[in-house]
Amino acid sequence: MAKNVSGRPVRPQVVLEVLGREQLSAHLVRLTLGGPGMANFQDKDATDRYIKILFAKPELNLQPPYDLDELRKSLPGEDLPVRRTYTVRRADTQAQTIDVDFVVHGDQGLAGPWARDAQIGDTVCFSGPGGMYQPKPEFDYHFLVGDETAIPAIAASLEVMTEDMVGRVIIEVNDQNDEIELQAPAGVQIQWLHRGAPFTPEATVLEGAVREAEWPDGRVQVFCHGEREVMKSLRKYFHDERGVDRRDLSLSAYWAYGRAEDEFQAEKRSSVGQIFEEQPTGRG
Ligand SMILES: Cc1cc2nc3c(=O)[nH]c(=O)nc-3n(C[C@H](O)[C@H](O)[C@H](O)COP(=O)(O)OP(=O)(O)OC[C@H]3O[C@@H](n4cnc5c(N)ncnc54)[C@H](O)[C@@H]3O)c2cc1C
């Protein structure tokens, strides 16, 4: 296996083609990716598995896979491919495809506008997957919480839950046009929250609804991901107030309001970007 500059083995980047697209809701588009590059895709046993998609400046005409160590020697920092993190919603081993569901959040950024405009035959290059969560049978109750960006991981998690599992899902979206059908065991209650507008710190209603939800008896496993400041408040709730153990709590910022992902990832090294005092996972 190839090694990076620090001598650590690196898995080859996966280069795939867009084979299909489907509008799942007003702001969620599914791209089905596949092709010969699937030979390099090593699936992971986690329902929040995520990939880091690399976006290169089109005018540089770089061809994937990208030799990032070499490119760092020849290109200024601002010309290097940048990463955007996305959940693998589904991997179909028979068809040799993966589905990735993108929130289309307007004209800002790279990945959202790219997914909105992606055409069949377009190329996608990524590293990963990483990830570590899955709903475990030894818990009495499963709490899954998030905004639009966590829908793919929550949907994938619900699909692997056994019929006897119980819990609650709370997802915040703009309005009912952003809801999708979720397959869940009968004992899992699903609650959609409507902000009535695109996300702003003023419009979000997620924390209030989570606090209002009845707290269950027994051992609770929590999956909670979304906008950074909301996640900081929910970390306080689940961890500090309800006493959920760190090991039972998958909670992180998937994005930060007003920050491009590069900036948001860099801030994880400072107090403004940290959800816990020290970061619990290597997710970002
Ligand atoms: C482990 C992990 C898994 C993730 N899985 C998914 C997934 O499956 N699907 C998905 O859509 N996202 C997912 N995300 C979130 C996604 O990586 C971010 O939303 C990312 O910032 C999008 O990149 P961009 O180039 O579109 O926007 P950026 O260039 O990063 O940001 C540009 C601007 O858009 C704003 N912005 C970014 N995302 C959103 C949003 N969702 N809503 C409103 N404003 C936004 C930023 O605050 C910034 O102001 C995941 C993140 C992580 C860490």
Side-chain angles (χ1 to χ4, degrees), residues 21-33 44 46-58 78 81-91 98-118 124 126-134 144-157 171-175 178 180 182 195 197-204 206 223-231 250-268 272-275 279-284:
R21 62 173 291 141
E22 186 186 352
Q23 194 72 39
L24 300 179
S25 71
H27 293 94
L28 199 62
V29 68
R30 169 165 299 164
L31 298 182
T32 299
L33 313 175
K44 207 170 162 82
T47 54
D48 68 340
R49 63 209 153 156
Y50 60 86
I51 54 175
K52 300 258 172 201
I53 305 180
L54 287 153
F55 288 92
K57 287 188 173 173
E78 65 271 20
V82 295
R83 295 181 172 86
R84 294 290 184 265
T85 312
Y86 281 85
T87 304
V88 177
R89 166 67 182 85
R90 181 179 293 123
I98 60 168
D99 288 342
V100 183
D101 298 348
F102 295 79
V103 177
V104 173
H105 56 85
D107 295 329
Q108 287 186 315
L110 286 171
W114 174 81
R116 179 195 59 202
D117 300 335
V124 187
F126 61 83
S127 58
M132 49 180 59
Y133 167 84
Q134 47 186 320
L144 298 105
V145 172
D147 62 25
E148 296 87 337
T149 59
I151 292 177
I154 291 176
S157 304
I171 303 175
E172 178 186 285
V173 293
N174 278 15
D175 60 33
D178 290 305
I180 62 162
L182 294 170
R195 280 187 302 264
F199 181 95
T200 60
E202 296 73 34
T204 178
L206 189 59
F223 182 81
C224 178
H225 299 268
E227 199 281 329
R228 185 170 71 194
E229 294 308 309
V230 179
M231 292 304 113
S250 169
L251 187 148
S252 79
Y254 270 12
W255 65 288
Y257 181 68
R259 300 278 195 278
E261 186 171 335
D262 326 64
E263 215 177 340
F264 147 69
Q265 295 288 0
E267 283 177 350
K268 285 189 174 172
V272 68
Q274 287 174 5
I275 304 291
Q279 290 296 301
T281 71
R283 173 174 285 108

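As the structure lists them, so they are numbered: ligands from 1, and atoms in each ligand from 1. Both backbone and side-chain heavy atoms feed into the values below; hydrogens, waters and symmetry mates do not.
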Q: Within a distance under 4.0 Å of any heavy atom of Gly109, pick out the atoms of ligand 1 and give their elements.
A: 25 (O), 27 (O), 28 (P), 29 (O), 32 (C)

Q. Would you call Arg83 and Gln265 a side-chain contact if the rule is heavy atoms closer than 4.5 Å?
A. no

Q: Give the atoms of ligand 1, by number and element, whose distance to some non-hydrogen atom of Ala256 is under 4.0 Å.
A: 46 (C), 47 (O)

Q. What atoms of ligand 1 come within less than 4.0 Å of a heavy atom belonging to Phe102?
A. 11 (O)

Q. Backbone N or O of Gly130 within a donor-acceptor pair of the Lys52 side chain at under 3.5 Å?
A. no

Q: Spell out, as yes or no, whether a donor-acceptor pair under 3.5 Å connects the side chain of Arg21 to the backbone of Ala115.
A: yes

Q) For atom 16 (C) of ligand 1, which candidate among Thr85, Ile53, Val29, Ile51 provides the closest heavy atom? A) Thr85

Q) Given Arg83, His105, Gln265, which has its nearest heavy atom closest to atom 40 (C) of ligand 1? A) His105

Q) Which atoms of ligand 1 have any heavy atom of Tyr50 under 4.0 Å away? A) 1 (C)

Q. Can you list the atoms of ligand 1 that are under 4.0 Å from a heavy atom of Gly258?
A. 47 (O), 49 (O)

Q | Single hit among Glu261, Glu263, Glu267 for salt bridge (charged side-chain N to carboxylate O under 4.0 Å, His left out) with Arg228 | A | Glu267

Q) Would you say Glu148 and His105 make side-chain contact, with heavy atoms under 4.5 Å? A) no

Q. Less than 4.0 Å between a side-chain N and a carboxylate O, is that true for Asp262 and Arg84?
A. yes

(Q) Assess whether a salt bridge exists between Arg90 and Asp99, defined as any Lys/Arg side-chain N lying under 4.0 Å from an Asp/Glu carboxylate O. (A) yes

Q: Using a strict 4.0 Å cut-off to heavy atoms of Asp101, name the atoms of ligand 1 that fall inside it.
A: 7 (C), 8 (O), 9 (N), 10 (C), 11 (O)

Q: Give the contacting part of Arg89 toward ligand 1: side chain, backbone, both or neither, where contact means a heavy-atom distance below 4.0 Å.
A: neither

Q. Looking only at N/O atoms, are Leu110 and ligand 1 under 3.5 Å apart anywhere?
A. yes

Q: Indicate, as side chain, backbone, both or neither, the part of Pro152 found under 4.0 angstrom from ligand 1 when only non-hydrogen atoms are considered.
A: side chain

Q: May I ask whether Arg84 has any heavy atom positioned less than 4.0 angstrom from an atom of ligand 1?
A: yes

Q | Closest to atom 22 (C) of ligand 1 among Tyr86, Phe199, Trp255, Tyr257 (heavy-atom distance) | A | Tyr86

Q: Answer with yes or no whether the side chains of Ser250 and His225 bring together a donor and an acceptor at under 3.5 Å.
A: yes

Q | Heteroatom distance test (Pro113, ligand 1): nitrogen or oxygen, under 3.5 angstrom | A | no

Q) Within a strict 4.5 Å, meaning less than it, do heavy atoms of the Leu28 and Val103 side chains meet? A) yes

